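What follows is a single structure, written as structure tokens, with notes after it.
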Amino acid sequence: MADNEKHQSDEDWERQQECRRQDTSGGFIVDIEGFEGPLDLMLALARTHKLDLTNISILFLAEQYLTFVDKARALRLDIAADYLVMAAWLTYLKSRLLLPDENVDEEEPSGDELAARLAFRLKRLEAMRGAGKILFDGNQLYSEFFPRGQSEGITVLRTSLYEADIYDLLTAYAAGRLRKVVSVVKPGLERRKVWSIKKARKQLEKIIGFNCDWAPIDALLSGFLDDPVESRTALAAAFGASLEMAREGVIELRQDAAFNPLYLRRKEERE
Amino acid sequence: MSNITAQQRKLEALLFAATEPLDLRTMQAYLGIEQDVHNDIEKDLVALQRHYEERGVHLVKVAGKWAYRTAVDLSDLLERHKVVPRKLSRAALETLAIIAYHQPATRAEIEEIRGVTTSKGTLDVLLETSWIRPRGRRMTPGRPVTYGTSDGFLEHFGFDTIKELPGLAELKGVGLLDNNLPAGFNVPLPHDDRELQQDELPLEDADD
Amino acid sequence: MSNITAQQRKLEALLFAATEPLDLRTMQAYLGIEQDVHNDIEKDLVALQRHYEERGVHLVKVAGKWAYRTAVDLSDLLERHKVVPRKLSRAALETLAIIAYHQPATRAEIEEIRGVTTSKGTLDVLLETSWIRPRGRRMTPGRPVTYGTSDGFLEHFGFDTIKELPGLAELKGVGLLDNNLPAGFNVPLPHDDRELQQDELPLEDADD
């Protein structure tokens with residue numbers, strides 16, 4: 001039966017874990033793989049030491065955990081960060097449990113409260129594992145009970161919560177695809193000539209190569225300013241590119257007053 | 001020969017023919033009964049249930065709906081019909097249990113219980129079984145999705161309501177169903193109602 | 001209360017769960033009875049048949065095989081259909097359509113086609129309809145989940161296979177797409193095979 005198999009594999013898994021934990025000399029082989037996080041490791045340690053979760057000594061368990069992690073580190077195994085975070089926290093918890101609280105802070109939970117909280121989390125995780133197992137050990141459809149094998153006339157009786165017909169679907173698809181087409185291609189219009197900053201910079205660099213004294217930027221670009229549409233974008237892009245070049249120290253910019261012509265020249269390599 | 005009323009005959013036929021469990025409203029609609037008219041459907045269903053009690057087929061109530069199912073004690077006989085269940089990983093099984101007992105639960109809440117981060121694969125696999133469903137969003141920063149079990153979960157495990165989860169009363173008794181929810185939102189019992197809870201928002205609220 | 005023997009109970013469960021009508025030999029095999037041993041299967045079947053005579057379900061013999069059938073006089077009853085409607089948002093519809101045509105598709109691919117970001121709510125709602133399903137993971141950085149349509153999708157929209165989704169020519173034909181489309185605009189031929197594609201990994205492969 002499928003259930004037995006399930007059992008079997010669970011037990012196998014547990015046995016495997018047990019083997020991993022104990023070597024012949026009575027210590028344990030440290031293998032952090034196969035544990036699902038620090039809480040899982042702590043539960044496994046509790047099981048190895050036959051600790052009763054309802055009456056657990058968190059201090060003892062914390063020590064077991066820290067020993068385990070120390071051994072793993074001594075073997076230079078890679079330990080996931082969350083195991084180390086838990087180790088650090090347990091060290092802190094240990095000190096809180098061992099040392100009497102000197103500065104009793106009302107805000108901060110006491111060591112016992114922290115320990116109780118951890119015990120609660122362990123119990124809760126253990127309980128959820130048990131619940132999951134009970135759930136799957138119980139009766140299940142197509143395993144212990146079966147529906148009618150042959151469906152008859154009312155097979156399409158599906159109380160469909162969501163309503164959409166094929167027309168809605170196709171309309172949405174077509175509209176979506178068209179919207180994207182429109183935003184990318186703008187059909188019916190000639191493609192606008194737009195100067196990129198990159199293109200403007202290339203042009204400026206070419207022009208600057210022949211000219212090393214102050215000159216107004218629109219004069220330098222005059223060769224491109226016939227077409228009114230193109231002139232605007234060329235000017236804007238060239239302005240952007242000139243700022244960039246000035247910042248890099250390739251050229252210098254000068255403007256005497258607001259709205260006055262903008263002059264630029266190549267920056268000489270002077271000392 | 002047992003006596004059967006005309007309405008019981010109809011219910012029997014409906015429930016035999018249906019591939020899925022039927023709720024009262026659906027049966028009413030099939031029988032052509034107005035919603036608010038008083039009728040004995042429920043009584044008739046109980047009568048049918050009693051009739052089948054000793055037989056090879058039982059009339060059961062799952063997820064609040066009615067369905068015929070083979071008697072559990074005959075499962076060995078039907079070995080050949082068994083569908084090998086997809087084996088869930090340990091992580092998935094644990095996550096399912098946590099969602100079932102702590103629902104509605106966000107991914108962070110599941111992780112807080114398991115003490116480990118949940119890989120996205122685990123939730124995806126559970127969504128694919130259709131035993132869990134995204135319910136809504138928690139009214140906390142980031143608006144995380146809350147998960148709960150579906151009717152498919154109840155049907156698969158043969159529960160009428162989520163309150164039939166094994167061990168529920170004991171777990172509640174020892175406080176193991178408590179989440180770390182902000183005060184006032186503490187929901188000690190799992191809740192799989194369609195309606196959202198007071199700290200849940202609809203899924204698509206933040207939609208474009 | 002009608003009396004029923006252990007063997008009748010078994011036959012009842014068998015016939016109920018069977019996916020096709022059963023002949024005597026098959027039933028004998030299920031019950032673990034040797035072929036030549038005398039047994040009362042036939043007698044029991046006739047007894048069962050008599051029991052169901054007046055009920056909403058009949059045990060009938062067709063082509064030498066036995067099967068349960070709903071009573072013929074109740075056939076009208078089984079033709080009703082009841083839907084509780086709930087409309088999908090435009091974003092959800094569009095996302096569903098893109099998944100249908102372009103599956104397997106990741107969230108990023110859907111966004112690339114739609115040209116807007118897809119809110120998580122949209123995918124969650126679609127998962128709740130159970131028309132889409134997580135299929136696997138794309139073999140690209142981040143291992144994003146790939147989505148595809150489910151059998152539920154085909155059932156709901158009345159397709160036999162996903163290949164029946166209208167193509168470019170048909171969409172133009174009904175006026176949903178005009179003729180002004182740029183060159184290279186195409187509508188993919190969708191497929192929803194269960195098997196993962198070459199660039200897909202199983203969902204739980206990256207699991208903890």
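Each chain gets a letter, A, B and so on, in the order the sequences are listed, and its residues count up from 1. The structure presented is a predicted model; accordingly, all values stated were derived computationally and were not measured.
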Between Glu109(C) and His102(C), do the side chains contain an N or O donor and an N or O acceptor separated by less than 3.5 Å?
no

Please classify the contact of Arg135(B) with chain C as side chain, backbone, both or neither, using a heavy-atom distance under 4.5 Å.
neither

Between Trp66(C) and Met27(C), what is the shortest heavy-atom contact and its length?
CD1-CE, 3.7 Å

What residue in Leu14(C), Leu127(C), Thr19(C), Leu15(C) has the most heavy-atom pairs under 4.5 Å with chain B?
Leu14(C)

Heavy-atom pairs under 4.5 Å with chain C are the metric here; pick the option from Arg9(B), Gln8(B), Lys10(B) that has the most.
Arg9(B)

Region of Leu123(B) in contact with chain C, defined by heavy-atom distances below 4.5 Å:
neither

Below 30° counts as parallel, above 60° as perpendicular, anything between as tilted: where do the rings of His51(C) and His51(B) land?
parallel

What residue, out of Arg69(B), Glu128(B), Glu12(B), has the most heavy-atom pairs lying under 4.5 Å from chain C?
Glu12(B)

In terms of heavy-atom proximity below 4.5 Å to chain B, should Leu48(C) be classed as side chain, backbone, both, or neither?
side chain

Is there a donor-acceptor pair closer than 3.5 Å between any side-chain N or O of Ser150(C) and the backbone N or O of Ser130(C)?
yes

Could you look at Val145(B) and say if it's the side chain, the backbone, both or neither that has a heavy atom under 4.5 Å from chain C?
side chain

Relative to chain C, which segment of Leu74(B) carries a heavy atom at a distance below 4.5 Å: side chain, backbone, both, or neither?
side chain

Plane angle bin for Phe16(C) and Phe16(B) - parallel if under 30°, tilted between 30 and 60°, otherwise perpendicular
perpendicular

Test applied, ring pair (Phe, Tyr, Trp, His ring centres under 6.0 Å); reference residue, Trp131(B); option that passes from Tyr147(B), Phe159(B), Phe157(B):
Phe157(B)

